[in-house]
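Small disclaimer: the values here were computed from a predicted structure and weren't measured. Proteins come first, then strands; the chains are lettered A, B, ... in the order of their sequence lines, and each starts at number 1.
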There are 2 protein chains.
Amino acid sequence: MDDHNPAEPSTRGRYAKGIRRRQQILDRAIEVFAEVGFEGTSLRAIGEAIGVSHAALRRYFDSREELFLEILREKDLQALQRARDLHQEELGLADGLDDFASHVPGVMALRHSMVARALEPGNERSRDFFIARYDSFRDEAITSLTLARNAGTVSSQLSLPVMAALVVAAVDGLSTQWLLDNSVDMHASIELLESLIAPTAEIHTEGKTK
Amino acid sequence: MDDHNPAEPSTRGRYAKGIRRRQQILDRAIEVFAEVGFEGTSLRAIGEAIGVSHAALRRYFDSREELFLEILREKDLQALQRARDLHQEELGLADGLDDFASHVPGVMALRHSMVARALEPGNERSRDFFIARYDSFRDEAITSLTLARNAGTVSSQLSLPVMAALVVAAVDGLSTQWLLDNSVDMHASIELLESLIAPTAEIHTEGKTK
DNA sequence: GTCTATACAGGGATAGAC
DNA sequence: GTCTATCCCTGTATAGAC
C-alpha cells in the first residue's frame, strides 16, 4: 500500500484531498486505458485527463508499473467482496466468471498487459503480484474442489492441484479468446469443464456458439 | 509478408544479402528479447546487437510491431513443420505441448506481450494475426476431436466448438502459470483434460494430413 | 502536502545524404 | 542499403513555489 495514507481513510481531514486524488487517478487511468491501451496511457495522458501535471502522479505512486498494479489490486478486492456478498465461493465457476472478468472495460486487457510484463526479466513487482494471485486462485479452486469431492460429485481419483491449475487456466485462456473474438462462448466452455469434472451434478447437455 | 523479398529465397543472388540480413535481425531480436524483455528490445538494441543502426532495420520491417509479429509467424511455421514431421497432428496434445510452447527462450513471453497488445484499441495488425491464429487452433482441435468422436472415444453429446475453445484455452492458460511458476505441472493438467474428454481410450496414435 | 517546471536519457518514426 | 540528424514522444527525477 501507500505510506502517504492513514490507516483509516476519511472523507474529511488532513489527508482527505490526497486520498480522493489518489482514487481519482486510479479511476481515470483505467478509463484512459480503455480508450487508448497500455502504451497510450502515459502518465502525461492520465494527468491531462485529471487536469494535473504528470509529475504530480508520482506523489501517489512510485512508478507507472505500481499505478497499474494498484488498479488491479483494487479490482481484485472489489471482485472478492462482491463474491463474498453473493456467497459465490462455491464451484459455481461459470456464474462467477463475469465477476472474475470484471465489468469495467479495459480491466481484463490491462491485466493481460501486466501479466505479459510479469513473464519477462525485470518487473519483479508485477511478477510477485501475479505469482501470488495465481497461487491464491488455485488454492480457492482446491478448496471448492475438495468440497465437491467430499460431496461425491468429483472423483477421488483425480489430483486436486492438477485440476485446480486446469480450471484457472481455462478461465484465463477463454477470456483471451473472448476478448479477441466475442463470438467465443466462454460461458459454455467453462460449464463444459465443470460438467466433465463433476459429472454427477447437473449436466448441461449442449453449449452453442452463439 | 514482406514485399522486399522474392518469392523464392536463394542463398546467392541479388537479394541474398538482404534475406540473410532479415533473418539475422529476427534471430538476434528474439535473443535480445529473451535477455531484456519487450520494452528493452528496442530497435536500437537490436541494431546494436547486429552492428547496424536502428534506422536500417526499417528497410526490412515496417515497424517494431511488424518485426515482432514476423518472429511469431516464423516460430509458428517452424512448429507446424515439426508437428507434420512427427505426425503429431492428433489429439496427442500433451506430447505436442512442448512444441507449441516453443523451445526458444522468450518466444512464449513474446507471444504473451503481443497478445496483450492485440487485445487493446489500435494494434490492428496484431489483432488480426491472433484472431486468425486462435481460429486456426480451434479448427485443428475440432478436426482432432471429430476423429476421436467418430472413433467413439469422445461423447457425441458434447459440442465440438465449445470443447475446442476449452482445449486451446487450457494450453494457453497453463503456459501462463508455468511461465510464472515452473512448479506448475502443465503436462499433467493437459493430460487430465484429455482423459476427461476422451475417458475411454488413449489417443496417442496415427497422423492425419489436413 | 500538493503540485508545477524543468531536465535527462531513451524510445519509434522519418527524411535525406551517400 | 545504410547512415546521420531530427522530431516528438516517453518514464523518471529533482528543485522549488505555495
Counting heavy atoms from C-beta on, name the nucleotide in D:dC3, C:dA13, C:dC3 closest to the side chain of B:Leu43.
C:dA13
Does a distance-only test, which skips hydrogens and angles, find a donor-acceptor pair under 3.5 Å between the side chain of A:His54 and the base of D:dT12?
yes
Whole-Å distance, A:Leu57 CG to D:dT14 P, equals 17 Å
Between D:dA13 and A:Arg58, is there an OP1 or OP2 to side-chain N/O distance shorter than 4.0 Å?
yes
Measure from CZ on B:Arg64 to C1' on C:dT14 and round the result to the nearest Å.
17 Å
Rounded to whole Å, please give me the gap between CD1 in B:Ile19 and C1' in D:dG1.
14 Å
Would you confirm whether B:Arg117, through its side chain, and A:Glu39, through its main-chain N or O, come within 3.5 Å as a donor-acceptor pair?
no
Figure out the CZ/P separation between B:Phe68 and C:dG11, and round it to whole Å.
12 Å
Whether B:Phe33 and B:Phe38 hold their rings parallel, tilted or perpendicular, with breakpoints at 30° and 60°:
perpendicular
If you draw a 6.0 Å radius around CZ in A:Arg125, do more than 12 non-hydrogen atoms from other residues or ligands fall strictly inside?
no
Counting side-chain heavy atoms from CB outward, which of C:dT4, C:dT2, D:dT2 is closest to A:Arg59?
C:dT2
On the nucleotide C:dG1, are OP1 or OP2 found under 4.0 Å from the side-chain N or O atoms that A:Tyr60 carries?
no
Please work out which of the three classes, parallel, tilted or perpendicular, describes the rings of A:Tyr134 and A:Phe137, given edges at 30° and 60°.
perpendicular
Given atom CD of A:Glu48 and atom P of D:dT10, what is their separation to the nearest angstrom?
9 Å
What nucleic acid atoms does A:Ser42 come within less than 4.0 Å of, heavy atoms only: base, sugar-phosphate, or nothing?
sugar-phosphate
To the nearest angstrom, the CZ-C1' distance between B:Arg20 and D:dG1 comes to 14 Å
Between D:dT2, C:dA13, C:dA5, which nucleotide has the shortest distance from any of its atoms to the side chain of A:Ala55?
C:dA5
B:Asp181 side chain to B:Gln177 side chain, donor-acceptor N/O pair below 3.5 angstrom
no
Taking any heavy-atom pair under 4.0 Å as a contact, classify A:Arg44: base, sugar-phosphate, or nothing.
base
To the nearest angstrom, the CD-C1' distance between B:Glu65 and C:dA13 comes to 14 Å
Please report, rounded to the nearest Å, how far the P atom of C:dC3 is from the CZ atom of A:Phe61.
12 Å
